[in-house]
Amino acid sequence: MRREGGAIVVAIVAIVAFVSCRQLVGIRDDPPTVPAGSPDASPGDASNAVCTADGGACESCLGESCCGELTACSADASCEQSLGCLLGCAAGDESCAAVCVPRMDATLAEVLSCRASSCASACGVSCGGILGALYPDYLAGSPDCAACATGATAQTCGVLTACAASASCIAYAACLDRSCEPFDRACNTQCRYAVGPTPAADTIVTAFKSACPTQCRLGSNFDCVGKRAWPLGVVDTPVTFNAQATDQVSGQAAAGVLVKTCPVADTACSAPWDQETTDDAGYVSVGSRLTAQGNAYAGLFQGYFDVSGATTYPSVAFLFPPLAGSIAGDSTYTPYEVQVVSRDDLAYFAGALPMPLDPTRGHVEVVAFDCLQLPAAGVSATITPSDGALVAYTRNDVYAPQATTTDSTGAVVIVNVEPGPIEISLTLAATGELVSQVNAFVRPQTLTSIGTAPLPP
């Protein structure tokens, strides 16, 4: 139903300080023989002297232009190791760069930004030289991705170059893949909140989806199914969810919406953990705890959000994988959204369906995500029990009766579902592989909203 769409700088002002800086971090001309992050790697592998005066063009440029950034990096073992490895990669070898950076932090981002801004020519940097460091999974999933993204006419090269000029942009763009465990949505949002909104980074994925969707397998990479564990928090840890409620169709803030956090076993939310009403900007902050529930996912927010309002169609929202920590934010920047749909918009959508909405039943909206955490196309959904329910897919945001799989929005709508517990299974239409499975429930005249993730081991 979607119709959418810190930095560390050490000032070096004295000649003596500059000379000492040129003796801090070893820069090797030979390719790395031990991948960064491997058991045999050590910080010492990358440290002879940071900016050696007798180095090549790249080393000389970095020593002269990026001494403060290199000094900070040399004090951080992880940064030092990654940088040493990176500078051993051949110019333009983004796959090598991907191996060298197991984790992105502000210190390394400062060095990469300075390299791109001041030493791109001397170091053979093309398209900002940050593709592998930011999106290793794009490269691992497809050998054609780097060629497409860094091609002479690729629009992606422009956005990568623009982002590389800003350390905050690099840190923002890298947070999903390089600063947090996969699918740790709490960490993802905390990372983004710490950096703050960075428009130059926001354009990267959009550009990739436009220019290289097939080559980079965007929305169709399920290589992690059964291999990538969901993150876990600590049982009984109090957590806070700071969010902004927005209208799913218009994208505008939704004021006056009541948001509750509820235990999953309390399907009526008769005893919520917390509840608050959104302000004029749609902002709300509600609390909860990470629970045990006697299962393998102890230490997660094993609950749901209950959302209602005067013009809002009642809904319950489940997140998969469940949240493992607080969602940071404030009234000026809320990286987490609670999306709502108005009664009128739901009725409008339903008007295109071959059957009316049954007032005794509920409805389900599912958004499928792949291993790159992007909406997944080519996915089919089944619901159990299925008696009388209609599974509907869209094309160009309009109900398409002939469609049997998701489009690039990853959205599926299932209407007239019998109230009670449900199980949603997502399979790849091309292969029949089960890629996600979710348990939830349905209430009468309520929309159950589910965001999925690929199956863990």
Side-chain angles (χ1 to χ4, degrees), residues 185-186 233-246 248 254-279 282-327 336-343 346 357-366 383-385 387-389 414-424 438-452:
R185 287 180 172 146
V234 179
V235 174
D236 290 333
T237 298
V239 291
T240 300
F241 305 116
N242 298 328
Q244 184 181 40
T246 60
Q248 188 175 121
V257 174
L258 180 63
V259 179
K260 305 177 184 178
T261 52
C262 318
V264 71
D266 182 3
T267 59
C269 197
S270 56
W273 281 313
D274 196 10
Q275 61 182 49
E276 295 291 342
T277 301
T278 60
D279 62 17
Y283 176 74
V284 68
S285 180
V286 288
S288 182
R289 303 188 74 82
L290 304 183
T291 58
Q293 295 285 50
N295 61 37
Y297 305 130
L300 293 173
F301 170 62
Q302 298 181 84
Y304 62 95
F305 297 89
D306 182 291
V307 183
S308 60
T311 62
T312 298
Y313 194 83
S315 65
V316 294
F318 294 84
L319 295 178
F320 288 86
L323 295 169
S326 294
I327 296 295
Y336 179 67
E337 288 189 345
V338 174
Q339 292 196 329
V340 300
V341 61
S342 71
R343 295 177 185 272
L346 183 63
L357 299 184
D358 187 333
T360 69
R361 295 194 169 203
H363 320 291
V364 181
E365 179 185 36
V366 180
I383 184 170
T384 305
D387 182 38
I414 310 174
V415 300
N416 294 341
V417 179
E418 184 70 27
I422 59 169
E423 182 180 80
I424 302 293
V438 173
N439 292 300
F441 64 79
V442 169
R443 296 181 193 156
Q445 298 190 57
T446 301
L447 179 65
T448 296
S449 178
I450 302 171
T452 71

* Asked: Looking at CD1 of I414 and NE2 of H363, how far apart are the two atoms once the value is rounded to the nearest 0.5 Å?
  -> 12.0 Å

* Check step by step if side-chain contact (heavy atoms from CB on, under 4.5 Å) holds for Q248 and L346. => CA-CA 10 Å; Q248 188 175 121; L346 183 63; over 6 Å; no

* Measure the shortest side-chain to side-chain distance between P419 and R443 over non-hydrogen atoms and say whether it is less than 4.5 angstrom. => no

* Smallest separation among heavy atoms of T452 and R185, with atom names -> O-NH2, 3.6 Å

* Apply ring pair (Phe, Tyr, Trp, His ring centres under 6.0 Å) to F318 and list each qualifying residue two or more places apart in sequence or on a separate chain. => Y304, F441

* Determine yes or no for a side-chain-to-main-chain donor-acceptor pair under 3.5 angstrom, with R289 supplying the side chain and V235 the backbone. => no

* Return yes if some donor-acceptor pair links the side-chain N/O of T278 with the main-chain N/O of V257 below 3.5 Å, else return no. => yes

* Side-chain donor or acceptor of T312 paired with backbone N/O of S342 under 3.5 Å -> no

* Kindly determine whether F241 and V284 satisfy side-chain contact (heavy atoms from CB on, under 4.5 Å), including the steps that lead there. => CA-CA 8 Å; F241 305 116; V284 68; over 6 Å; no

* Test item: Q244 side-chain N/O and E337 main-chain N/O as donor-acceptor pair under 3.5 Å -> no

* Apply the side chain to side chain contact (heavy atoms under 4.5 Å, CB included) test between V239 and each candidate in I327, L290, L323; give the one that qualifies. => L290

* What pair of heavy atoms forms the shortest contact from R343 to P314, and how long is it? -> NH2-CD, 3.7 Å

* Asked: Which pair of non-hydrogen atoms, one from E418 and one from V442, has the smallest distance, and what is that distance?
  -> O-CB, 4.1 Å

* **F320 side, atom CZ; I424 side, atom CD1 - distance, nearest 0.5 Å** => 10.0 Å

* Is it true that a side-chain atom of S326 and a backbone atom of T240 form a donor plus acceptor pair closer than 3.5 Å? -> yes

* Residue pair N242 / S285, side-chain heavy-atom distance below 4.5 Å -> yes

* Exercise: identify the closest heavy-atom pair between W273 and S288 -> CE3-OG, 2.9 Å

* Structure fact -> When rounded to the nearest 0.5 Å, the distance separating CD of Q339 from CG of L447 is 11.0 Å

* Asked: At what distance, to the nearest 0.5 angstrom, does CG of L357 lie from CG of N416?
  -> 6.0 Å

Please output the side-chain donor-acceptor pairs of residues 260-267 that fall under 3.5 Å, not counting sequence neighbours, one pair per line with the distance.
from : atom 1 : to   : atom 2 : distance (Å)
T261 : OG1    : D274 : N      : 3.3
T261 : OG1    : G287 : O      : 2.7
D266 : OD1    : C269 : N      : 3.1
D266 : OD1    : S270 : N      : 3.1
D266 : OD1    : S270 : OG     : 3.2
D266 : OD2    : S270 : N      : 2.9
D266 : OD2    : S270 : OG     : 3.3
D266 : OD2    : A271 : N      : 2.9

* Asked: How long is the span from the OH atom in Y313 to the OG atom in S315, to the nearest 0.5 Å?
  -> 10.0 Å

